Novice: 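Below are the structure tokens for one structure; questions will follow.
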Amino acid sequence: MTEQQNVRIRRLDIIDYDELIELWKRAGLHSLKAQGRDSRASLEKQLASGVQTLLGLEVEGQLLGAIMATHDSRKGWINRLAVDPGHRRNGYGAQLIAAAEDVLHAQGIPVIAALIVIGNAPSLALFQKMGYVEGDPGIHYLTKRENDKV
Ligand SMILES: CC(C)(COP(=O)(O)OP(=O)(O)OC[C@H]1O[C@@H](n2cnc3c(N)ncnc32)[C@H](O)[C@@H]1OP(=O)(O)O)[C@@H](O)C(=O)NCCC(=O)NCCS
């Protein structure tokens, strides 16, 4: 790790949206739904729900990473983890996961899950390093959507 000075993780709010969406785009986040559930209006609603927490990692005031932590009262989910491509392998992804876990544990959530697209080796390696283990490989992941933007 080389960039540990002035690293700060803080809660993001809708006021941070423009910076956040730019980061997500730079990071090449798979399945970003900028017109759907990652739109400003949608995120605003999610943040108001009380179960969605958005965290950002800043270095010298610049947003270099972000993560979402949410739960359904039984299980927590980590979503939209992203680190700026120019600042990877500095431990920022790991710090963001640890911070998201702290939030969920404080909310009384004992199980945390993440979905990782097949072939995303960096993300898989990171979550495994953080202690996440693959459950039943025979599970089918099904979704039903109102449309292809959400
Ligand atoms: C996945 C991602 C968030 C990792 O962020 P990061 O800040 O580079 O990760 P860290 O520096 O905290 O990595 C911690 C550990 O994870 C593993 N790891 C991370 N990136 C890796 C890579 N490219 N190859 C192999 N292992 C990797 C390593 O074990 C690493 O520890 P080490 O550097 O001491 O070897 C980043 O690559 C990213 O934003 N990718 C694009 C968006 C994305 O795929 N998000 C996840 C969606 S599920």
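Bear in mind that the values here come from a model prediction, so they are computed numbers and not experimental data. Order of listing sets the numbers, starting from 1, for every ligand and every atom in it.
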Novice: Quick one: does N147's side chain have a donor or acceptor within less than 3.5 Å of a partner on V150's backbone?
Specialist: yes

Novice: Is there a donor-acceptor pair closer than 3.5 Å between any side-chain N or O of R88 and the backbone N or O of V83?
Specialist: yes

Novice: Ignoring hydrogens and geometry, is there a side-chain-to-backbone donor-acceptor pair from D13 to I15 under 3.5 Å?
Specialist: no

Novice: Return the set of residues passing salt bridge (charged side-chain N to carboxylate O under 4.0 Å, His left out) with R40 (not counting sequence neighbours), or none when no residue passes.
Specialist: D18

Novice: Quick check on ligand 1: any N or O pairs to the protein under 3.5 Å? One line per pair.
Specialist:
{"unit_1": "ligand 1", "atom_1": "7 (O)", "unit_2": "G93", "atom_2": "N", "d": "2.8"}
{"unit_1": "ligand 1", "atom_1": "8 (O)", "unit_2": "R89", "atom_2": "N", "d": "2.9"}
{"unit_1": "ligand 1", "atom_1": "11 (O)", "unit_2": "R89", "atom_2": "N", "d": "3.4"}
{"unit_1": "ligand 1", "atom_1": "11 (O)", "unit_2": "N90", "atom_2": "N", "d": "3.3"}
{"unit_1": "ligand 1", "atom_1": "11 (O)", "unit_2": "G91", "atom_2": "N", "d": "2.8"}
{"unit_1": "ligand 1", "atom_1": "12 (O)", "unit_2": "G93", "atom_2": "N", "d": "3.2"}
{"unit_1": "ligand 1", "atom_1": "12 (O)", "unit_2": "A94", "atom_2": "N", "d": "2.8"}
{"unit_1": "ligand 1", "atom_1": "24 (N)", "unit_2": "R89", "atom_2": "NH1", "d": "3.3"}
{"unit_1": "ligand 1", "atom_1": "31 (O)", "unit_2": "K129", "atom_2": "NZ", "d": "3.0"}
{"unit_1": "ligand 1", "atom_1": "33 (O)", "unit_2": "R89", "atom_2": "NE", "d": "3.0"}
{"unit_1": "ligand 1", "atom_1": "33 (O)", "unit_2": "R89", "atom_2": "NH2", "d": "3.4"}
{"unit_1": "ligand 1", "atom_1": "34 (O)", "unit_2": "K129", "atom_2": "NZ", "d": "3.1"}
{"unit_1": "ligand 1", "atom_1": "35 (O)", "unit_2": "R89", "atom_2": "NH2", "d": "2.9"}
{"unit_1": "ligand 1", "atom_1": "39 (O)", "unit_2": "V83", "atom_2": "N", "d": "2.8"}
{"unit_1": "ligand 1", "atom_1": "39 (O)", "unit_2": "V83", "atom_2": "O", "d": "3.4"}
{"unit_1": "ligand 1", "atom_1": "39 (O)", "unit_2": "R88", "atom_2": "NH2", "d": "3.3"}
{"unit_1": "ligand 1", "atom_1": "44 (O)", "unit_2": "N120", "atom_2": "ND2", "d": "2.7"}
{"unit_1": "ligand 1", "atom_1": "45 (N)", "unit_2": "L81", "atom_2": "O", "d": "2.7"}

Novice: Would the number of heavy atoms belonging to other residues, nucleotides or ligands and lying under 6.0 Å from CD of E60 be above 12?
Specialist: yes

Novice: Considering non-hydrogen atoms only, spot the tightest contact between L23 and A82 and give its length.
Specialist: CD2-O, 4.3 Å

